[in-house]
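Every chain is numbered from 1, with letters handed out A, B, ... down the list of sequences.
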There are 2 protein chains.
Amino acid sequence: MELSPQIEDYLKNIYQLQTRYGRVPTTALAERLAITAASVTGMVRKLAGLGLVDHEPYHGVRLTASGESLALQIVRAHRLWELYLVQALEVPWDQAHVEAEQLEHALSQGLADRLAEVLGHPTADPHGHPIPSRNGDVARRGGVPLDHLPAGEAGVVVQIRDDTPELLRYLGKLGIYPGEHVAVLDVAPFEGPLRVQIGDRTEVLGRRVAGHVMVHSEATLHERQRV
Amino acid sequence: MELSPQIEDYLKNIYQLQTRYGRVPTTALAERLAITAASVTGMVRKLAGLGLVDHEPYHGVRLTASGESLALQIVRAHRLWELYLVQALEVPWDQAHVEAEQLEHALSQGLADRLAEVLGHPTADPHGHPIPSRNGDVARRGGVPLDHLPAGEAGVVVQIRDDTPELLRYLGKLGIYPGEHVAVLDVAPFEGPLRVQIGDRTEVLGRRVAGHVMVHSEATLHERQRV
DNA sequence: GCTATAATTTCGATATGCCTAAATTCTATA
DNA sequence: TATAGAATTTAGGCATATCGAAATTATAGC
């Protein structure tokens, strides 16, 4: 099936919204796509006609099986490009997203497979978001926001959520990437900032920022020291 | 200036036709873009309005300076991708064109420069077509069709002209690439096929095929043997 | 130079994807 | 449970880029 870039964007964004919030309201989609709700209604009716979404008027949309399968191909294309740009072309990770946004619509199945091969069949992009496999399998990566970790607990960064270029540049400067080990040394009272150990350095992180850093709790700092 | 992929395609194709044949008739463009002449007339009027082409009704179009400058950016994007796909991703050269056709519209100035840098600021794509520089300089590569070389003359392949995937696959099998040395051993009478030496092998080439292989005459076979 | 034919343009239509404004439906709260 | 305000859809329009058919202009042969 040959889809317009617009339709591809709809599918991708419906997918991303529904994975987090379930059935997607028209307005949420409209906001993400930066178009009016009226336009979304129109397009969504068309997508329903194509059998790609299930649209209950006034109650949002949800991808059908075939819609989801197509959405996953776009997500795959996007994330493969992001990783490729960062890894092979050394594009700064905060810029990769914008470029990938264009490139994702210009990636054939064959070339996608080639990228995946060159990258060693990766399962996550530079932000830690899972890269769907060719047949649409997605590894859920989960994690909890860093600011939910109690003082003294350690973990591994698994993904950066809701990232913006500015946030990514900041985190990059701090050396906070997926795969890095972090430990919460202490938390200032009254929902205050966190003192965090990253590698051999100590940084102070605001809660807003920490909330975007998803970690897998690994072991308490105490336990790690015993090892 | 932000242009639609369609407009980019018009500019690119006008550029390529006008470099070879001068002022471009509507019909020639229509045929290349696989759309009707009526559609071309409409679009061409629009391009003229944007100051990108000079349109003399009933006498074809020609790019203005700013139109040509934009066209060169597209050609640059296309050829950078082609080379990158072949060299870095090992895509077969007969497939690179189709992929690049899509990717060329999704290449930012910055990423184009990055590709060029990674490739070592190349001046030609895998087919030997010149890659315009960032500021629009194009190295004319010329060459004469291989079948214009008299028997006994040698040369270097500089480019493959009017290539199709089938032709490219065939030439690839014969080991005929830009940069390769070839020598015409003899030519069968009545516009017959050519016996050609390629590296240390000898192949027989039909005239149709040889006509697509552009070479720079280098030295006669006789002279080369003396060296 | 006239005319048949080819090239090109004009004209009216269509599909896509977006918009604004108005109408409708939903939902939370009094 | 009635209703105000929010969410959503409907209705009418617009720009882009395409088409086929008809009209116009160019050109080549007589």
Side-chain angles (χ1 to χ4, degrees), chain A residues 1-15 17-18 20-63 67 70-71 74 101-102 104-106, chain B residues 1-15 17-18 20-63 67 70-71 74 101-102 104-106:
Chain A
M1 187 159 6
E2 186 57 34
L3 303 173
S4 68
Q6 281 87 345
I7 291 186
E8 293 188 343
D9 281 336
Y10 273 85
L11 294 179
K12 183 183 71 168
N13 283 285
I14 294 172
Y15 172 79
L17 286 169
Q18 84 174 19
R20 279 183 66 177
Y21 307 111
R23 193 169 266 279
V24 180
T26 321
T27 332
L29 240 188
E31 196 185 343
R32 254 180 101 112
L33 294 167
I35 59 183
T36 63
S39 304
V40 171
T41 300
M43 179 60 107
V44 142
R45 198 168 13 160
K46 181 182 175 171
L47 295 181
L50 292 172
L52 301 177
V53 303
D54 159 39
H55 180 215
E56 286 230 36
Y58 296 101
H59 293 96
V61 284
R62 151 173 300 249
L63 294 171
L70 288 167
I74 314 301
E101 205 70 30
Q102 297 305 118
E104 67 189 9
H105 304 297
Chain B
M1 191 162 356
E2 186 57 34
L3 304 172
S4 68
Q6 282 88 342
I7 291 188
E8 293 188 343
D9 280 336
Y10 273 85
L11 294 179
K12 183 183 70 169
N13 283 285
I14 294 171
Y15 172 79
L17 287 169
Q18 81 173 22
R20 281 184 65 177
Y21 306 110
R23 194 169 266 278
V24 180
T26 321
T27 334
L29 240 189
E31 196 186 342
R32 254 180 100 110
L33 293 167
I35 58 183
T36 63
S39 305
V40 171
T41 300
M43 180 60 108
V44 142
R45 195 164 17 148
K46 180 180 173 171
L47 295 181
L50 293 172
L52 301 177
V53 304
D54 159 40
H55 181 216
E56 287 231 34
Y58 295 101
H59 296 284
V61 285
R62 151 171 301 251
L63 294 172
L70 288 167
I74 314 300
E101 204 70 32
Q102 297 305 119
E104 67 189 8
H105 304 298

Query raised in the report: Looking at residues 4-13 of chain A, who's got a heavy atom less than 4.0 Å off DNA chain D?
Result: none

On a heavy-atom basis, which atom in [X] and which in [Y] lie closest, and how many Å separate them?
{"X": "I14(A)", "Y": "V24(A)", "result": "O-CG2, 3.7 Å"}
{"X": "H105(A)", "Y": "P5(A)", "result": "CE1-O, 3.5 Å"}
{"X": "K46(B)", "Y": "I7(B)", "result": "CE-CD1, 4.2 Å"}
{"X": "L63(A)", "Y": "Q18(A)", "result": "N-OE1, 3.0 Å"}

Query raised in the report: Do the non-hydrogen side-chain atoms of L11(A) and L3(A) ever get within less than 4.5 Å of each other?
Result: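 A side-chain contact under 4.5 Å exists here.
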
Requested in this report: Could you walk me through whether Q6(A) and M43(A) pass side-chain contact (heavy atoms from CB on, under 4.5 Å), step by step?
Outcome: CA-CA 9 Å; Q6(A) 281 87 345; M43(A) 179 60 107; 4.1 Å; yes

Report, one line per pair, each donor and acceptor closer than 3.5 Å where one atom sits in a side chain of residues 48-58 of chain A; sequence neighbours left out.
| residue | atom | partner | partner atom | Å |
| --- | --- | --- | --- | --- |
| D54(A) | OD2 | R23(A) | NH2 | 2.8 |

Requested in this report: Can you sort out which residues in residues 28-43 of chain B have a heavy atom within less than 4.0 Å of DNA chain C? Ascending by number, please.
Outcome: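 Hits under 4.0 Å, by residue number: A37(B), A38(B), T41(B).
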
Query raised in the report: Where along residues 45-56 of chain B does a heavy atom come under 4.0 Å from DNA chain C, residue by residue in number order?
Result: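 Correct list: H55(B).
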
Distances for protein N or O near nucleotides 5-7 of chain D N or O, under 3.5 Å:
none

For residues 32-41 of chain B, tabulate all N or O donor-acceptor pairs below 3.5 Å that involve a side-chain atom, not counting sequence neighbours.
| residue | atom | partner | partner atom | Å |
| --- | --- | --- | --- | --- |
| R32(B) | NE | N13(B) | OD1 | 2.8 |
| R32(B) | NH2 | N13(B) | OD1 | 3.4 |
| R32(B) | NH2 | Q16(B) | OE1 | 2.7 |
| T36(B) | OG1 | S39(B) | N | 3.3 |
| T36(B) | OG1 | S39(B) | OG | 2.9 |
| T41(B) | OG1 | A37(B) | O | 3.2 |

Report task. Round to a whole Å and report the spacing from NE2 of H59(B) to C1' of dT27(D). Result ->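 It works out to 10 Å between those atoms.
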
